[in-house]
Novice: 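Encoded as structure tokens, here's the structure I'll be asking about.
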Amino acid sequence: MASTTMRLSATSAGAQALPRRNSLAVLLTVSARSSAKSRLRFIGRSSNLSFLRRRNSFSAVKCVSGSEARKTLHDPVAQQQAASSLSSSTPDASSIASSIKYHAEFTPLFSTHNFDLPQAFFATAQSVHDALIINWNATYDYYEKLNVKQAYYLSMEFLQGRALLNAIGNLELTGAYAEALSKLGYKLENVAFQEPDAALGNGGLGRLASCFLDSLATLNYPAWGYGLRYKYGLFKQRITKEGQEEVAEDWLEMGSPWEIVRNDVSYPVKFYGKVVSGSDGKKHWIGGEEIKAVAHDVPIPGYKTKTTINLRLWSTKAASEEFDLYAFNAGRHNEASEALANAEKICYILYPGDESIEGKTLRLKQQYTLCSASLQDIIACFERRSGANLNWEEFPEKVAVQMNDTHPTLCIPELMRILIDVKGLSWKDAWNITQRTVAYTNHTVLPEALEKWSLDLMQKLLPRHIEIIEMIDEELIGTIIAEYGTADSDLLENKLKEMRILENVELPEEFADVLVKSKETTDIPSEEPQSSEQVEEEEEEEKKKDDDNDEVEGALAEKKGTDESSIEDEKEELPVPVPEPPKLVRMANLCVVGGHAVNGVAEIHSEIVKDEVFNAFYKLWPEKFQNKTNGVTPRRWIKFCNPLLSKIITEWIGTEDWVLNTEKLAELRKFVENEDLQLQWREAKRSNKVKVAAFIREKTGYFVSPDAMFDIQVKRIHEYKRQLMNILGIVYRYKKMKEMSPVERKANFVPRVCIFGGKAFATYVQAKRIVKFITDVGETVNHDPEIGDLLKVIFVPDYNVSVAEMLIPASELSQHISTAGMEASGTSNMKFAMNGCILIGTLDGANVEIREEVGADNFFLFGAEAPEIAGLRKERAEGKFVPDPRFEEVKEFVRSGVFGSYNYDELIGSLEGNEGFGRADYFLVGKDFPSYIECQEKVDEAYRDQKKWTRMSILNTAGSYKFSSDRTIHEYAREIWNIEPAQLP
């Protein structure tokens with residue numbers, strides 16, 4: 001091994017700094033004297049890699065192409081990594097520099113004339129990728145050998161962020177790569193900044209999924225992630241004078257150095273067609289449109305472990321024969337390529353607008369593609385590992401499928417379809433297997449997020465699946481009737497209406513008869529004998545009816561002479577027929593029925609799920625319902641994104657074990673009063689603020705002072721998250737400042753930089769109005785010379801993971817101010833707390849548990865609580881709500897035109913009135929506003945005492961240990977998936 005290391009080092013002994021725009025030829029000349037000889041040595045030493053060639057041919061994530069095999073042979077880092085899997089050695093800076101140069105020469109994605117930062121990034125990433133592949137293949141060879149039970153996490157979003165720093169950090173090669181790039185004339189930080197964020201998600205749902213993958217790999221759990229490879233992401237956000245503008249993401253424009261396209265791993269996915277019964281008695285789904293889902297694999301390395309798991313992303317395409325050459329040559333070019341375009345657009349963007357039927361169809365196609373391709377892949381793996389001992393009853397003992405929200409719900413009917421129609425199982429066996437395999441994570445209590453699909457659309461697009469869903473619905477109806485009986489017809493009818501999977505769909509005939517008989521039984525009159533008084537009352541009632549009938553007949557006689565025109569008028573007054581409600585498939589109900597576990601993502605959220613969202617199901621199957629409070633990975637969200645704070649934590653705790661065992665963060669409490677720690681803590685925070693101030697200047701053109709408090713709210717723009725309340729609070733603050741003298745302003749207000757970030761969905765008009773309002777307020781406030789550095793309002797465009805990694809370490813106050821009971825959990829609140837940021841918020845989502853852990857004195861609490869919300873909305877509807885004068889004052893100030901000529905009547909109007917769509921302040925901004933601004937006054941007061949503030953900050957980090965995704969994943973593995981760690985020997 002030693003001689004190998006010496007040869008690798010000799011290969012790059014001549015490495016030296018390079019000019020930023022030097023020719024690649026100069027780069028390669030640096031080691032020209034030894035490169036040819038050393039490459040021969042690498043080939044000669046290929047016996048060290050012989051174990052790679054001995055791998056089983058069925059390895060699921062095998063690097064199958066010949067070019068990749070040759071690349072592994074020649075690349076110095078790959079060779080040293082392969083050898084190090086048999087020893088404890090790791091690549092050094094010299095061999096890494098040589099590997100980067102190798103990729104610049106032999107696997108370039110750019111012209112060879114320059115070796116600028118983008119080229120340096122790709123060559124560096126490919127070098128790291130080679131190192132990952134060694135562990136990646138070893139991981140899955142080991143899983144194949146053990147035939148372990150494996151978890152499969154299906155999510156429409158994986159918000160990965162940049163991968164380079166995370167990968168080399170987990171491989172413990174950050175220092176070596178920094179040194180290697182320094183030899184080549186670059187800083188690691190500058191190279192890493194060239195990487196675009198993978199545009200595979202939007203908010204907390206996708207970021208949580210990515211944190212889970214990191215924890216699964218770090219904890220050595222056998223698992224895969226499955227998602228879609230969106231070519232254009234959600235959108236790239238630009239901020240103009242008109243507000244938010246959306247343009248397509250370009251993250252794949254130069255290709256991705258992390259993924260491997262598995263052209264040999266593809267599955268057919270069918271749409272439309274019809275279902276027929278064959279002579280064998282089986283159902284056959286025939287005809288229709290068929291596309292191919294192609295696998296793209298991304299390695300996910302664990303921290304301080306060889307385990308490297310896989311994120312498999314599906315792209316979509318049509319078979320070549322679908323291209324109509326005849327139509328093309330006839331000049332009908334669009335027609336010729338229609339099938340290809342229809343297939344490819346499935347993976348164009350995340351969450352295509354669904355206002356149109358075309359948009360709805362595309363979204364449903366996306367969801368089915370994810371489910372169908374992933375399940376076909378999972379089943380192929382199960383069959384391969386089972387070999388000759390295939391037993392479908394063992395499928396749930398080897399496979400755990402987790403549906404991240406309702407988007408992958410079609411896993412349930414799709415697994416049933418494959419097991420029954422393709423594998424030949426009975427309905428009973430297939431249903432038993434499906435229920436034991438699948439589990440569901442609920443992420444929302446918002447009605448619009450509990451997906452419902454048009455029955456007609458689904459019947460047209462997925463006819464076989466609707467048949468299966470109808471049968472599941474029938475089984476559910478039978479269960480409900482068995483549970484509640486037929487004695488109380490009203491109760492039974494209500495339960496069926498609440499719990500059925502199919503909404504506004506008539507009961508199957510056999511059950512309809514049961515309900516009718518139940519009603520008839522309930523309506524049978526009493527047979528008890530009547531008293532004389534009752535007889536007299538009935539006679540009086542009959543006499544009155546006769547009198548009434550006489551009056552009606554007389555009135556009709558008088559109307560006989562009316563002319564035809566009056567009859568026509570009477571016809572026109574007939575009531576308009578009420579349209580039938582749409583027939584829908586309730587995906588969340590299907591998830592609950594079809595899975596063996598349902599979990600919420602914070603304690604308060606899980607209670608709401610049980611008590612409100614799925615209460616009837618909870619009463620029927622209480623054992624299904626669990627809580628799994630979310631978490632975030634401490635690797636990305638403290639260690640890598642905040643190295644200054646990480647160093648301080650390690651020095652004071654005395655170990656770096658906290659990165660894997662976050663419980664050790666609690667030891668900071670012992671030193672919270674230490675002035676040296678407090679000084680270091682403040683210095684680290686200010687250094688991070690200086691970086692953010694430079695970033696803000698670059699992105700927005702505004703100068704901000706790093707000595708002001710950094711007050712941050714960054715998340716998806718939505719009315720329930722109440723960015724509107726935040727900006728109205730800022731407007732109130734600005735108005736009060738303007739009413740004071742300079743001396744009074746300085747005495748009453750702490751300088752603040754109020755930072756917003758987040759995307760409003762392209763068709764969410766009210767959210768886009770909020771973005772426009774924030775930027776208009778910023779334009780006015782930031783140019784007001786009287787205010788100066790006392791107040792700045794910044795909207796950071798195109799908020800993503802990389803921006804979060806910069807803002808969060810610099811944050812001092814973070815706003816998590818959703819209407820109580822409406823945020824399932826939140827994960828950004830956890831990241832902020834980990835980085836010593838103090839939260840202002842309501843008792844909503846994970847805020848409740850964060851406050852418990854960090855201490856009530858270290859959390860700024862305001863607002864109504866979840867049990868009060870329904871009553872407050874009722875009070876509003878009854879016209880009993882009296883708005884606070886300060887709230888009325890701030891609305892009038894906005895309407896005065898001080899923030900420009902834009903008409904904000906629709907936005908402000910949503911906070912007014914007592915009823916109506918888009919009115920009546922559904923999210924209770926007006927109700928919580930007084931409490932909010934009073935709480936903000938307490939924030940100012942606390943910030944003036946920097947010693948107290950620093951103490952609060954340290955205690956937030958110390959109390960955040962519970963919110964590691966490692967803890968969450970251990971709970972899922974133990975209580976839902978029933979999987980065990982499988983650490984490579």
Side-chain angles (χ1 to χ4, degrees), residues 165-166 168-170 172 174-175 178 188-189 192 218 303-304 631-695 706-710 712 804-814 828-839 850 853-855 857-859 942-943 945-966:
L165 292 180
N166 193 73
I168 61 175
N170 278 358
E172 298 181 273
T174 303
L188 173 60
E189 185 179 19
T218 296
Y303 177 70
K304 289 191 175 183
V632 299
T633 168
R635 271 75 64 185
R636 183 180 286 270
W637 292 110
I638 310 183
K639 181 170 172 58
F640 302 149
C641 79
N642 199 346
L644 294 175
L645 185 63
S646 299
K647 184 179 178 183
I648 292 169
I649 293 170
T650 299
E651 285 178 359
W652 282 87
I653 292 177
T655 176
E656 204 178 44
D657 288 352
W658 61 267
V659 181
L660 285 169
N661 301 296
T662 50
E663 295 84 358
K664 291 185 180 292
L665 289 173
E667 294 182 23
L668 286 169
R669 290 169 176 159
K670 295 187 295 188
F671 311 108
V672 70
E673 304 295 347
N674 188 290
E675 291 187 2
D676 291 336
L677 172 59
Q678 290 190 4
L679 179 61
Q680 291 176 24
W681 202 270
R682 283 194 293 271
E683 287 175 348
K685 183 66 74 174
R686 193 179 190 284
S687 294
N688 289 327
K689 289 168 69 179
V690 168
K691 288 182 184 177
V692 168
F695 173 76
D707 295 318
M709 179 202 298
F710 277 23
I712 300 179
E805 288 172 334
M806 182 171 288
L807 293 181
I808 290 172
S811 63
E812 293 174 289
L813 180 75
S814 181
S828 66
N829 45 8
M830 302 170 184
K831 298 163 196 168
F832 280 103
M834 279 184 173
N835 284 270
C837 178
I838 301 159
L839 309 188
I850 291 172
E853 297 298 331
V854 305
D857 292 340
N858 305 305
F859 184 107
Y943 194 76
D945 184 346
Q946 278 294 292
K947 184 174 181 179
K948 176 184 176 181
W949 188 272
T950 306
R951 185 180 185 279
M952 294 171 72
S953 174
I954 295 169
L955 289 173
N956 264 266
T957 299
S960 68
Y961 63 87
K962 173 183 174 178
F963 304 102
S964 167
S965 50
D966 294 353

Novice: Taking all non-hydrogen atoms of both residues into account, name the closest pair between Thr957 and Gly836 and its distance.
Specialist: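 Minimum heavy-atom separation between Thr957 and Gly836: OG1-N, 3.0 Å.
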Novice: Would Gln680 and Trp652 count as having a side-chain donor-acceptor pair, cut-off 3.5 Å?
Specialist: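 There is such a pair between these side chains.
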Novice: Working to the nearest 0.5 angstrom, can you tell me the gap between Ile653 CD1 and Ile648 CD1?
Specialist: 11.5 Å
Novice: So, for Ser964 and Thr662, which heavy atoms are closest and what is the spacing to 0.1 Å?
Specialist: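 Shortest heavy-atom contact: CB-OG1, 3.5 Å.
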Novice: Work out which heavy atom in Leu644 is nearest to a heavy atom in Ser687; give both atom names and the distance.
Specialist: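 Result for this residue pair: CD1-CB, 3.6 Å.
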Novice: Please walk me through it: do Phe963 and Val632 pass side chain to side chain contact (heavy atoms under 4.5 Å, CB included)?
Specialist: CA-CA 6 Å; Phe963 304 102; Val632 299; 5.6 Å; no
Novice: What I'd like to find out is whether the side chain of Asn835 reaches to under 4.5 Å of the side chain of Asn688, using heavy atoms alone.
Specialist: no
Novice: About how many Å separate CD1 of Ile850 and CG of Asn858, when rounded to the nearest 0.5 Å?
Specialist: 12.5 Å
Novice: Please confirm whether the backbone N or O of Phe710 pairs with a side-chain atom of Glu812, one donor and one acceptor, at under 3.5 Å?
Specialist: yes
Novice: Is it true that Asp966 and Arg635 have a side-chain N and a carboxylate O under 4.0 angstrom from each other?
Specialist: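 Yes, Asp966 and Arg635 are salt-bridged.
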Novice: Nearest 0.5 Å, what's the CG-CG distance between Asn674 and Leu668?
Specialist: 11.0 Å
Novice: Determine the minimum heavy-atom distance between Met834 and Leu645, stating which atoms define it.
Specialist: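 Answer, listing the atom of Met834 first, then Leu645: O-CD2, 4.0 Å.
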Novice: Between Lys689 (side chain only) and Ala708 (backbone N and O only), is there a donor and an acceptor less than 3.5 Å apart?
Specialist: yes
Novice: Do Trp637 and Glu805 have side chains that approach each other closer than 4.5 Å (heavy atoms only, starting at C-beta)?
Specialist: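 Yes, their side chains come closer than 4.5 Å.
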Novice: Any donor and acceptor pair, going by atom type alone, linking the side chain of Thr950 with main-chain N or O of Gln946 inside 3.5 Å?
Specialist: yes
Novice: Applying side chain to side chain contact (heavy atoms under 4.5 Å, CB included) to Ile638 and Ile649, what does each step give before you reach the verdict?
Specialist: CA-CA 10 Å; Ile638 310 183; Ile649 293 170; 4.3 Å; yes
Novice: Please report the closest heavy-atom contact between Pro634 and Val659, naming both atoms and the distance.
Specialist: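 It is CG-O, 3.4 Å.
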Novice: Asn956 versus Phe859: any side-chain heavy-atom pair under 4.5 Å?
Specialist: no
Novice: Measure the spacing between NZ of Lys947 and CZ of Arg682 and express it to the nearest 0.5 Å.
Specialist: 9.0 Å
Novice: Is it the case that over 12 heavy atoms from other parts of the model lie below 6.0 angstrom from the NZ atom of Lys304?
Specialist: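 Yes, the 6.0 Å shell around NZ holds more than 12 heavy atoms from other groups.
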Novice: Heavy-atom distance under 4.5 Å between the side chains of Leu955 and Arg669, does that happen here?
Specialist: yes
Novice: Checking Tyr303 against Thr633 for the side chain to side chain contact (heavy atoms under 4.5 Å, CB included) test, could you report, in this order, the C-alpha distance in whole Å, the side-chain angles of both residues, the deciding distance, and whether it holds?
Specialist: CA-CA 10 Å; Tyr303 177 70; Thr633 168; over 6 Å; no
Novice: Can you find a pair of side-chain heavy atoms, one from Pro706 and one from Arg686, that are under 4.5 Å apart?
Specialist: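 Answer yes - side chains close enough.
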Novice: Go through it in stages, so that I can follow the logic: the residues are Phe832 and Leu813, the test is side chain to side chain contact (heavy atoms under 4.5 Å, CB included), and I'd like the CA-CA distance, side-chain angles, deciding distance and then a yes or no.
Specialist: CA-CA 9 Å; Phe832 280 103; Leu813 180 75; over 6 Å; no
Novice: Do Leu165 and Leu188 have side-chain heavy atoms sitting under 4.5 Å apart?
Specialist: yes
Novice: Within the structure provided, determine whether Met952 and Asp857 are in side-chain contact (heavy-atom separation under 4.5 Å).
Specialist: no
Novice: Please give me the minimum heavy-atom distance between Cys837 and Ser811, naming the atom from each residue.
Specialist: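 Minimum heavy-atom contact is CB-OG, 3.2 Å.
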Novice: About how many Å separate OH of Tyr961 and CD of Glu853, when rounded to the nearest 0.5 Å?
Specialist: 4.5 Å
Novice: Going by heavy atoms in the side chains, are Met830 and Lys962 under 4.5 Å from each other?
Specialist: no
Novice: Got a second to check how far Asn170's CG is from Arg636's CZ, nearest 0.5 Å?
Specialist: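 Interatomic distance, Asn170 CG to Arg636 CZ, rounded to 0.5 Å: 9.0 Å.
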